[in-house]
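The block underneath contains the structure these notes are about, expressed in structure tokens.
None of these values were measured; they are calculated from a predicted model.
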Amino acid sequence: MTSTQVSAAPAPPRLAVTMGDPAGIGPEITAAALAGVRARDADIVVVGDAARLRQAARLLGLTVAVETVATVGSAGGPGAGAEGAVRVLQTGGPTDHLPFGQVSADAGRASYGYVETAVRLALDGRLDGIVTAPIHKEAWHAAGIAHPDHTSTLAALTGAPRHAMMLANDELRTVLVTTHLPLSRALTEITAERVLGIVELAHDELRALGIASPRIAVAGVNPHAGEGGLFGDEEALAIRPAVEAARAAGIDASGPHPPDTVFMRARRGEFDIVVAQYHDQGLIPVKLLGIEEGVNATLGLPFVRTSVDHGTAFDLAGTGRADAGSLRYAIRSALGLVRARRGQSGGRAR
């Protein structure tokens, strides 16, 4: 580079925050998390309803401006407007008339529309990632939405051939083989093919984040990982064959490990991620370490997606007492993941 050449600073990551269920705490935590975010650090637009966000800001006593924008990815970046303003891509009609803390089809339909719009923008290349505030599954069902959760919706809208839910904080990562299923059904869906697919996906995603040789621990599903078949045969029939196949493909996978100790070992640094077999097995250890410092990420998508690791908290909605810590963490995590995918962050991703 000559003395007259100047290296341009990289553009800040472009994110959308979907507002979540308007009857839950999503509008409040979104307003709180984005108040005062500097445009030079992150280019963020809310996909949601400006009227509900203004209402939420008043509940919180925030003086932040809430501005609507016509599009994202235009000159000046997504949501170009006043510095420090919460910028909103209005999606659907106003929702500030909906009562807080009540399941409704209208709220479910609105929150699904936010997700659908954000995904379309990301697939069009206008966003680097999406951060989602919580939706209410009953509200989606009431609205006739076919998908039960964010993860399956994102997979369907993007056509992702492989996808998985990962919960993580600064101490522990876990990725799930099965998610929102009754436990009796989840056990029938733990197959060697499915476990192997999740191991491969975790390996590829962690490598993309800068971990050269991810150490993947695969949890058993039964006490003591089956104790040689005394307490169940899922380990012998599905989990162990998947681990062996992964190792044969050059992946540093091990297990099945007893599920009552493998998360502790990962937290101590023996493993980079734990493959958990069902929802609560994987989520309880992460949430026990602190909901405010946890993030839900979807692996296998063509863009970054993170979310809070809690629900709509209808008992707190409209009170101004909801904690925005998990959403702030999800936004910081999304920014880090985008930079890692761009190859801008040094060192090991966490």
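- A donor-acceptor contact shorter than 3.5 Å links the side chain of Glu205 to the backbone of Gly300.
- Between Arg265 and Val274 there is no side-chain heavy-atom pair separated by less than 4.5 Å.
- Evaluation of the ring-ring contact (aromatic ring centres under 6.0 Å, His included) test over residues 153-189, restricted to residues two or more places apart or in two chains, returns His180-His279.
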Worked verdict on Val221 versus Glu235 for side chain to side chain contact (heavy atoms under 4.5 Å, CB included): CA-CA 7 Å; Val221 69; Glu235 286 79 11; 3.6 Å; yes
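- For the pair His203/Val199, no side-chain contact is recorded, criterion being any heavy-atom separation below 4.5 Å from C-beta on.
- Taken from CE in Met166 to CD1 in Ile273, the straight-line distance is 5.5 Å, to the nearest 0.5 Å.
- Side-chain contact between Arg247 and Asp252 is present, with at least one heavy-atom pair separated by less than 4.5 Å.
- Considering Leu337, Leu127, Asp128, Leu123 as possible partners of Phe303, the one that fulfils the side-chain contact (heavy atoms from CB on, under 4.5 Å) test is Leu123.
- Within the 4.5 Å cutoff, the side chain of Ile25 has no heavy atoms near those of the Arg321 side chain.
- The shortest non-hydrogen separation linking Ile331 to Ala33 is CD1-CB, 4.1 Å.
- Side-chain contact check for Arg305 versus Asn296: some heavy-atom pair is nearer than 4.5 Å.
- Between the CG atom in Leu167 and the CZ atom in Arg173 there is a gap of 12.5 Å [rounded to 0.5 Å].
- Residues Phe263 and Ile284 are not in side-chain contact: their nearest non-hydrogen atoms beyond the backbone lie 4.5 Å or more apart.
- At a threshold of 4.5 Å between side-chain heavy atoms, the hydrophobic network of Ile, Leu, Val, Met, Phe, Trp and Tyr places Val88 and Leu59 in two separate groups.
- Atoms CE and CG, on Met165 and Leu299 in that order, are 10.5 Å from each other to the nearest 0.5 Å.
- Neither side chain, Gln55 nor Arg58, offers a donor N or O lying under 3.5 Å from an acceptor on the other.
- Side-chain heavy atoms closer than 4.5 Å link hydrophobic residues (I, L, V, M, F, W, Y) into clusters, and following such links, possibly through other members, connects Leu316 to Met19.
- Cluster membership for Phe314 and Tyr112, using ILVMFWY side-chain heavy atoms within less than 4.5 angstrom, is not shared.
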Trace of the side chain to side chain contact (heavy atoms under 4.5 Å, CB included) decision for Val295 with Arg332: CA-CA 10 Å; Val295 64; Arg332 290 198 304 270; over 6 Å; no
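- The heavy-atom pair separating Pro22 from Pro27 by the smallest distance is O-CG, 3.8 Å.
- The heavy-atom pair separating Ile135 from Gly20 by the smallest distance is CG2-CA, 4.4 Å.
- The shortest non-hydrogen separation linking Ala139 to Ser104 is CB-O, 3.5 Å.
- In the hydrophobic clustering of ILVMFWY residues, with side-chain heavy atoms under 4.5 Å counting as a link, Val131 and Val64 come out together.
- Not one N or O on the side chain of Arg339 forms a donor-acceptor pair closer than 3.5 Å with the backbone of Pro13.
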Candidate pair Arg185 and Thr188, rule side chain to side chain contact (heavy atoms under 4.5 Å, CB included), full reasoning: CA-CA 5 Å; Arg185 182 180 162 195; Thr188 68; 4.2 Å; yes
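- Minimum heavy-atom separation, Leu176 to Ala164: O-CB, 4.1 Å.
- Figure legend: cation-pi geometry between Arg52 and Phe100, with NZ or CZ positioned under 6.0 Å from the six-membered ring centre and within 45° of its axis.
- For His147, the NE2 atom sits in a packed shell: over 12 heavy atoms of surrounding residues, nucleotides or ligands are nearer than 6.0 Å.
- Between the Asp124 side chain and the Arg126 main chain, no donor and acceptor come within less than 3.5 Å of each other.
- Between the side chains of Asp21 and Thr312, no donor N or O sits under 3.5 Å from an acceptor N or O.
- Listed for the Gln277 side chain is no donor-acceptor partner under 3.5 Å among the backbone atoms of Ala186.
- Contact check for Tyr114 versus Val46: no side-chain heavy atoms found under the 4.5 Å cut-off.
- The CG atom of Asp49 lies 4.5 Å from the CD atom of Gln90; values are rounded to the nearest 0.5 Å.
- A salt bridge (charged side-chain N to carboxylate O under 4.0 Å, His left out) with Glu200 is found for one member of Arg194, Arg207, Arg162 and no other, namely Arg162.
- Note on Val304 and Val308: same hydrophobic cluster, where clusters join Ile, Leu, Val, Met, Phe, Trp and Tyr whose side-chain heavy atoms are under 4.5 Å apart, directly or indirectly.
- Judged by distance alone, with hydrogens and angles left aside, the side-chain atoms of Glu171 form no donor-acceptor pair with the main-chain N or O of Arg267 at under 3.5 Å.
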Verdict with supporting geometry, Val115 and Leu154, side chain to side chain contact (heavy atoms under 4.5 Å, CB included): CA-CA 8 Å; Val115 175; Leu154 291 164; 4.3 Å; yes
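- With hydrogens and angles ignored, the 3.5 Å screen pairs a side-chain donor or acceptor of Arg215 with a backbone N or O of Gly269.
- Side-chain atoms of Asp309 and Ser326 include a donor-acceptor pair closer than 3.5 Å.
- Atom OG1 of Thr174 and atom CG of Leu283 lie 7.5 Å apart (nearest 0.5 Å).
- Between Pro134 and Ile29 the shortest heavy-atom distance is CD-CD1, 4.0 Å.
- Note that the CD1 atom of Ile145 and the OG atom of Ser152 stand 11.0 Å from one another [nearest 0.5 Å].
- Within the 4.5 Å cutoff, no side-chain heavy atoms of His150 are placed close to those of Ile130.
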